[in-house]
Protein chains: 2
Amino acid sequence: MFRFPVHEVAPVTHSPLSIDLDRSSPVPLYFQVAQELERRIMSGEMPAGTRLENELVLAERLGLSRPTLRQAIEYLVDRGMLVRKRGVGTQVIRPRVRRPVELSSLYDDLARVGEEPRTRVLRLAVEVPPDPVAAQMELPPGTEVYVLERLRLAKDEPLALMRNHLPLGLVELDEGELSAQGLYRLLRAAGVTLKMASQSIGARNATPTEAEALDEPPGAPLLTMERVVYDDTGRVVEVGSHVYRASRYSFELTLTG
Amino acid sequence: MFRFPVHEVAPVTHSPLSIDLDRSSPVPLYFQVAQELERRIMSGEMPAGTRLENELVLAERLGLSRPTLRQAIEYLVDRGMLVRKRGVGTQVIRPRVRRPVELSSLYDDLARVGEEPRTRVLRLAVEVPPDPVAAQMELPPGTEVYVLERLRLAKDEPLALMRNHLPLGLVELDEGELSAQGLYRLLRAAGVTLKMASQSIGARNATPTEAEALDEPPGAPLLTMERVVYDDTGRVVEVGSHVYRASRYSFELTLTG
DNA sequence: GTCAATACTTTGTCTAGACATACTGATGTA
DNA sequence: TACATCAGTATGTCTAGACAAAGTATTGAC
């Protein structure tokens, strides 16, 4: 005979979940679902531990096929917001996923948090770079490239010294534009799709010149960052060598495994 | 009338691509395909620029359905080895993808490159941590946790000072085992699935104590790393606060966008 | 009461095919 | 010659359903 357990308590809540889908929208259905789920997770409507209904039920309720629904869930699993376990189910793991240091520009990062970024262009020239730089750019030694040196300030305080090398013919660099916005925005505006970057983060003490430019005492610790950026066709788009004031800056990153 | 162009030159080679699939293997078909493609890209058999045949043809040649083949390609696109463009095709972008600093342990990283890692356990205790650490671990203030302090050496030279906090009841920590292998391997052996980490990388000068322990001159630059690691259920598994000798260590990471 | 075998639930993998959409290149017109 | 139009090609999205495998809970035997 069927009996309800006496202490019937939902172990983990799972709301029946209904989402309004717009089938005439150019936004794919799976993405509409993913975005709505992401919103609910972020807003706390679906806190960590919330269990989703199973895929069959969910797909039918939303009027979608299971593959389409799975595509939405997969998107969120990849971003570390959901976990799936075969035979068990799918549940929310963590709302507060900061997701910084992707392929973002320092300028935009600062602007986003209200740090009022400014840029002072120290040098903009076309030169033959040192051989190691040419090698990183996968160019034959002796090829001329842009050399760009900038001082980045946030709220009128020096933050970083940045040296970049860029191949010619990719984008027309202009001192005025470089002062008004970040390098990455200029690249994107020129139709370059940033795809991948390989970077190395280290530390060392400031040289006297650096210390003065950054308004730090001699020997102050600096964070160093070397970065090679590729576009979607595999070309090297930019090679950067930056130093940051450790007293005012750190790299935040989220790793998933 | 049909004419061949005079200067017929294959703009990008694409081999007919045949792969032996084992349908009785427990390894999924899409993964067999993905692995084989990855191998050919890494080995240089399919250099950057190589174009794949279109999905319909490829699926038929391999005796797979298109979704299955797409799943394989998607896997490699996510890892930054292939690019797809609608109406155009799929091609290899880059063979040499170093892919470090994922959710890897320093110990295993060093061992892999032959650096002969060793660990000296300086302290292993059960204590009430400072309130900020308790907050990071999402535990009520006053809860006891493991406190672990280690010195990591590579080829008999000091490399890093590591302090970790772990909740009790997750794994039994033993000084002998901690000396012989990395913390992450112990966690995995205890059935903990590391899922996500949020970390912050900065720099500062060494304190006198740190300088001595690490065999560095006073005021030497150090890389600092603060890390909170979560498992697949969203629990905090470990909170780490490490300092590395900047003269001997840097973080390598690959970003994709 | 304990432990092994069994049933059930849920995600993982795979198939076959349809229509939509973005990009390329050829065709045709002014 | 230059430009707009159109056909062709390849990936993007979506559907409907099948079987496999892993994990959980229940059942049954000793």
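Note on naming: letters A, B, ... go to the chains in the order of the sequence lines (proteins, then strands), and numbering restarts at 1 for each one.
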For [X] and [N], give me the distance from atom [atom1] to atom [atom2], rounded to whole Å.
{"X": "B/D78", "N": "D/dG12", "atom1": "CG", "atom2": "P", "answer": "12 Å"}
{"X": "A/R86", "N": "D/dC19", "atom1": "CZ", "atom2": "C1'", "answer": "12 Å"}
{"X": "A/R51", "N": "D/dT24", "atom1": "CZ", "atom2": "C1'", "answer": "10 Å"}
{"X": "B/E74", "N": "D/dT13", "atom1": "CD", "atom2": "C1'", "answer": "11 Å"}
{"X": "A/Y75", "N": "D/dT13", "atom1": "OH", "atom2": "P", "answer": "12 Å"}
{"X": "B/L69", "N": "D/dG12", "atom1": "CG", "atom2": "P", "answer": "12 Å"}

Is there a donor and acceptor pair, one atom on the side chain of B/R66 and one on the base of D/dT13, closer than 3.5 Å?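 Answer is yes: a donor-acceptor pair is held.
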
Check whether any side-chain N or O of [X] sits under 3.5 Å from a backbone N or O of [Y] as a donor-acceptor pair, and report yes or no.
{"X": "B/Q32", "Y": "B/D22", "answer": "yes"}
{"X": "B/T143", "Y": "B/L139", "answer": "no"}
{"X": "B/S43", "Y": "B/R39", "answer": "yes"}

Using a 4.0 Å heavy-atom cut-off, does A/L56 contact any base of the nucleic acid, only the sugar-phosphate backbone, or nothing at all?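 The residue A/L56 makes base contact.
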
Looking at every strand, decide which applies to A/P26 at a 4.0 Å heavy-atom threshold: base, sugar-phosphate, or nothing.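 Touches nothing.
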
Within the structure provided, determine whether B/L69 and B/E74 are in side-chain contact (heavy-atom separation under 4.5 Å).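 No, their side chains stay 4.5 Å or more apart.
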
Taking for each residue the nucleotide of DNA chain C bearing the nearest heavy atom, is the 5' side occupied by B/G63 or by A/G89?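 Per heavy-atom nearest nucleotide, the more 5' residue is A/G89.
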
5′-ward residue of the pair A/K85/B/S65 relative to DNA chain C: A/K85

Pair A/Y75 and A/Y30, ring centroids less than 6.0 Å apart: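 No, ring centres 6.0 Å or more apart.
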
Note: A/E138-A/R235 ion pair, threshold 4.0 Å (strictly below): no

What I want to find out is whether A/R227 reaches A/E238 closely enough, with some N-O distance under 4.0 Å, to be called a salt bridge.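 No, no charged N to carboxylate O under 4.0 Å.
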
First of A/G87 and A/T68 reached from the 5' end of DNA chain D, by closest nucleotide: A/T68

Judged by each residue's nearest nucleotide on DNA chain D, which is more toward the 5′ side, A/V88 or A/Y30?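 Looking at the nearest nucleotide for each, A/Y30 comes out on the 5' side.
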
Between which nucleotides of DNA chain C, read 5' to 3', does contact with chain B run, using atoms under 4.0 Å from its heavy atoms? C/dT13 to C/dC23

OP1, OP2 of D/dA10 versus side-chain N and O of B/R84: anything below 4.0 Å? no

